[in-house]
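Reading through the structure tokens given below for one structure.
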Protein chains: 4
Amino acid sequence: MKTKATITSLASLRDRLREFSQERDWDQYHTPKNLSMALIGEAAELVEHFQWVEGSQSHLLEEKTRHSVEEELADILIYLVRISDKLDVDLYQAVERKLEINERKYPAEKVRGSAKKYTEYVD
Amino acid sequence: MKTKATITSLASLRDRLREFSQERDWDQYHTPKNLSMALIGEAAELVEHFQWVEGSQSHLLEEKTRHSVEEELADILIYLVRISDKLDVDLYQAVERKLEINERKYPAEKVRGSAKKYTEYVD
Amino acid sequence: MKTKATITSLASLRDRLREFSQERDWDQYHTPKNLSMALIGEAAELVEHFQWVEGSQSHLLEEKTRHSVEEELADILIYLVRISDKLDVDLYQAVERKLEINERKYPAEKVRGSAKKYTEYVD
Amino acid sequence: MKTKATITSLASLRDRLREFSQERDWDQYHTPKNLSMALIGEAAELVEHFQWVEGSQSHLLEEKTRHSVEEELADILIYLVRISDKLDVDLYQAVERKLEINERKYPAEKVRGSAKKYTEYVD
């Protein structure tokens, strides 16, 4: 069994996931529809860790919980990169565009000084 | 208004999001609890695009849908990087560990040749 | 230990849940925010059962899976009734209003005969 | 257009939804898989209303938000009843069984007096 390449970028993660899936003949299950369901499942496992704690305490994780949270975060990234690969989406380009939209939509000088609630600004 | 740095890595995205949030005084809202809720909201918007289409057709997106899907994927990455920053989690390390677990849990030679259903292997 | 009343209506379920929570001093955790997180967690467990199967096969459940699916459906109803109680929402009134909206929004004669895709009608 | 029956029970809601779907020829889209995706989409819209507010304030809804929240709760119940119908699940029986499990799992006298955290008791 050869040594796998270390993950240092979204591109290397994408390649590793392609290889993982091909070796197991799992591409047939990895439709964007199914992957979106798997992704939200992992997001829900993340949410579960925080559902009964106060927001202000939610960064304080016991060792065991932290370990689980890291796994959920990893799973989300895995499915996110996998679905982006299947749809041929460049995540950084998509993020760049979205940040530009957000920067126009919520101008810092206006949002900061405003009495309007945060909830009215952000969807 | 200064030019923002282009996003080319998770680290540069993390920094850009820190800056974005600080400029708006939004860190107070960005508890892991709240961010996990925002993340699952974006995951659900992704799911919605695929809920009435066949899995086998779900990679075929009309132009307008593709644009929206790219935005949801970007939003998921944004919240994922943001919550990881707040919890001081190194996403690539977490992914590396998770992939090693998966590779042991689903050995290619066993999974590929097995008559057991995929659903019994994967959670 | 006294015998609990059988659930035959949303009102009797609401009362049973109130009692359950009060006996355990759990009302303090049951904010609408927390309950909405718990509800989506159960919805995600439901989704997980269907994520790798074909839609056309998704009504065919093995005994063990059927048992789990019934538990998730029960949990969703439990949290739905609980959050509605906390927000003083009459679910049947809310449903009645929503159905009237849907009936106006998707007129049967127009939707049925139309070549427009289902996905364009339904959010 | 005939007058629709008022919703006063899960059974009457189930029948109204059957009729609604048949009139539009939508049963073909209503696989358990697709309905589970639609349900979690509505759950996420519910979550969104609460994501940036404090838990302790989350029962205080402005008129417009309350209206939306009621719609999401209605939509969740609609999809829950619809998927239960498709899978031939009796929701009240399922809930009854789940409550009995919970009552055994979290005995009031033990849970109430315990110093153990709520989070260790509840999944």
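When each of B/S58, B/S84, B/P107 is scored by its heavy-atom pairs under 4.5 Å with chain A, the top score falls to B/S58. Counting heavy-atom pairs under 4.5 Å between each of A/L91, A/N34, A/D75 and chain B puts A/D75 at the top. Most heavy-atom pairs under 4.5 Å with chain B, from the set A/Q28, A/H59, A/E72: that is A/H59. Heavy-atom pairs under 4.5 Å with chain A peak, among B/D90, B/L46, B/L87, at B/L87. Your options are B/V89, B/V81, B/D25, and the one with the most heavy-atom pairs under 4.5 Å with chain A is B/V89. Counting heavy-atom pairs under 4.5 Å between each of B/A74, B/S9, B/P32 and chain A puts B/P32 at the top. Counting heavy-atom pairs closer than 4.5 Å to chain A, the top-ranked of the candidates B/H67, B/Q57, B/E71 is B/E71.
Using a 4.5 Å cut-off between heavy atoms, A/E54 contacts chain B through its backbone alone, with no side-chain atom that close. In this structure, chain B has a heavy atom under 4.5 Å from the backbone of A/T8, while its side chain stays farther away. Only the side chain of A/L13 comes within contact range of chain B, with heavy atoms under 4.5 Å apart. Residue contact with chain B, scored on non-hydrogen atoms closer than 4.5 Å, is absent for A/E45. Residue A/L35 does not touch chain B at all, counting heavy-atom pairs closer than 4.5 Å.
A/E48 CD to B/I40 CD1: the interatomic distance, rounded to the nearest 0.5 Å, is 9.0 Å. Rounding to the nearest 0.5 angstrom, the gap separating the CZ atom in B/R16 from the CG atom in A/N102 is 10.0 Å. In this structure, NZ in B/K33 is found 14.0 Å from NE2 in A/H49, a value given to the nearest 0.5 Å.
In this structure the side chain of B/L99 reaches within 4.5 angstrom of the side chain of A/I78, judged on heavy atoms. Taking the side chain as every heavy atom from C-beta outward, B/R24 and A/E103 approach each other to under 4.5 Å. Side-chain atoms of A/L73 and B/I83, non-hydrogen and from C-beta on, do get closer than 4.5 Å to each other. Between B/E23 and A/V111 the shortest side-chain heavy-atom distance does not fall below 4.5 Å.
With hydrogens and angles disregarded, a donor-acceptor distance shorter than 3.5 Å links the side chain of B/R112 to the backbone of A/Q22.
What you find for B/A43 and A/L39 is that their closest heavy atoms are CB-CD2, 3.9 Å. Taking all atoms of both residues into account, the shortest heavy-atom contact from B/R66 to A/D88 is NH1-O, 4.0 Å.
Residue B/V95 is tested with A/I76, A/L17, A/I7 for a side chain to side chain contact (heavy atoms under 4.5 Å, CB included); the sole match is A/I7.
By the ring-ring contact (aromatic ring centres under 6.0 Å, His included) test, B/Y92 is found to be paired with no residue, residues two or more places apart in sequence or in another chain being considered. Among residues two or more places apart in sequence or in another chain, the side chain to side chain donor-acceptor pair (under 3.5 Å) test is passed with B/S56 by none.
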